[in-house]
Amino acid sequence: QQPVQSPQAVILREGEDAVINCSSSKALYSVHWYRQKHGEAPVFLMILLKGGEQKGHEKISASFNEKKQQSSLYLTASQLSYSGTYFCGTDSYSGAGSYQLTFGKGTKLSVIP
Amino acid sequence: GAVVSQHPSWVICKSGTSVKIECRSLDFQATTMFWYRQFPKQSLMLMATSNEGSKATYEQGVEKDKFLINHASLTLSTLTVTSAHPEDSSFYICSARAGTSYEQYFGPGTRLTVT
């Protein structure tokens with residue numbers, strides 16, 4: 001089942017912060033975050049494996065609340081390069097030791113000068 | 001590390017012909033590869049999952065006779081769109097996972113246009 005992302009779209013000025021949420025109605029094994037620019041493939045940002053885990057790289061970080069089946073991506077002091085569509089992907093067990101990612105519909109982030 | 005390549009980057013073909021897209025993991029062994037399709041302004045929709053040496057597992061609604069997937073080695077998977085039609089025009093993206101790794105890396109995608 002597809003995770004739900006919110007908001008669908010957000011416009012920021014450079015330097016502003018944003019939060020993108022991802023929630024699932026199913027138990028989550030892990031949450032993956034990707035950013036995709038127009039016409040390009042998604043680029044891996046980070047993966048969260050355990051409830052309560054938080055990760056970050058430079059000014060982009062994420063948290064995973066396993067009990068609430070939610071994850072949030074935090075973009076701090078946004079830069080023009082942060083523009084793109086952000087997807088969360090949730091892992092589900094597909095049998096025979098395999099997991100597959102199901103992606104949300106994406107959140108389009110536009111950072112303007 | 002963790003580079004996945006796809007070839008070709010884009011292809012234009014006539015209706016009724018077949019097109020093969022290659023996906024390679026360049027610096028790791030991909031025990032599992034995934035094929036996605038993405039229509040403009042939409043999310044990535046999983047088409048099929050393939051494990052090396054096994055038949056691919058197709059998602060509901062994806063015709064396995066139309067989208068042939070071969071995962072012949074730990075570094076190569078191919079997707080063949082047979083008897084392509086204009087509605088098959090889309091962005092096809094592969095991704096790969098190594099062993100028990102949770103991380104999934106995407107290829108650059110192939111834009112298919114069927115005229």
Side-chain angles (χ1 to χ4, degrees), chain A residues 1-6 8-9 20 22 24 28-51 53 55 57 62 64 66 71 83-110, chain B residues 1-7 9-10 21 23-24 28 30-60 62 71 90-113:
Chain A
Q1 196 162 0
Q2 191 173 36
V4 177
Q5 283 185 239
S6 62
Q8 289 183 317
I20 300 171
C22 174
S24 173
L28 300 177
Y29 294 100
S30 65
V31 178
H32 304 228
W33 286 97
Y34 291 82
R35 176 173 60 212
Q36 185 179 31
K37 294 193 181 273
H38 182 68
E40 300 178 9
V43 172
F44 175 77
L45 293 176
M46 63 189 81
I47 178 174
L48 299 112
L49 297 173
K50 304 174 194 174
E53 185 172 23
K55 273 190 179 178
H57 178 65
F64 178 22
E66 192 175 16
S71 177
S83 293
T85 301
Y86 289 78
F87 291 98
C88 72
T90 54
D91 253 329
S92 59
Y93 186 63
S94 56
S98 295
Y99 291 82
Q100 65 186 41
L101 277 182
T102 304
F103 288 92
K105 292 187 176 181
T107 296
K108 185 173 180 180
L109 178 77
S110 302
Chain B
V3 178
V4 177
S5 70
Q6 268 184 252
H7 177 80
S9 300
W10 57 269
I21 302 170
C23 175
R24 292 181 187 272
F28 66 100
T31 46
T32 307
M33 284 186 166
F34 305 87
W35 286 95
Y36 293 85
R37 181 168 51 185
Q38 186 179 35
F39 293 106
K41 297 185 180 180
Q42 293 189 22
S43 186
L44 298 100
M45 300 305 296
L46 180 66
M47 299 175 66
T49 302
S50 73
N51 292 295
E52 185 263 340
S54 306
K55 286 185 179 180
T57 303
Y58 290 80
E59 294 302 299
Q60 198 170 10
V62 177
H71 193 161
S90 188
F91 193 45
Y92 291 86
I93 313 172
C94 72
S95 69
R97 270 180 165 166
T100 56
S101 170
Y102 285 94
E103 295 175 7
Q104 193 166 317
Y105 295 93
F106 284 81
T110 297
R111 189 162 300 284
L112 170 66
T113 303

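Residue numbers start from 1 in every chain, and the chains themselves are labelled A, B, ... in the order their sequence lines are given, proteins ahead of strands.
Closest non-hydrogen pair, B/R37 versus B/S90, comes out as CG-OG, 2.9 Å. Taking every heavy atom of both residues into account, B/A96 and B/A30 meet most closely at CB-CB, 3.6 Å. For the pair A/S30 and A/F64, the tightest heavy-atom approach, listed with the atom from each and the gap, is CA-CE2, 4.3 Å. Taking both residues in full, the closest heavy atoms of B/C94 and B/S5 are given as SG-O, 4.5 Å, listed atom of the first, atom of the second, then distance.
Contacts between B/Q42 and chain A at a heavy-atom distance below 4.5 Å involve the backbone alone (N, CA, C, O). Heavy-atom distances place the side chain of B/I93, and not its backbone, under 4.5 Å from chain A. Using a 4.5 Å cut-off between heavy atoms, B/Q6 does not touch chain A at all.
Contacts with chain B were tallied for A/D91, A/T85, A/V43; A/D91 has the most, counting heavy-atom pairs under 4.5 Å. Most heavy-atom pairs under 4.5 Å with chain B, from the set A/G104, A/G106, A/G89: that is A/G104.
Two rings, from A/F44 and B/F106, have their centers 6.0 Å or more apart.
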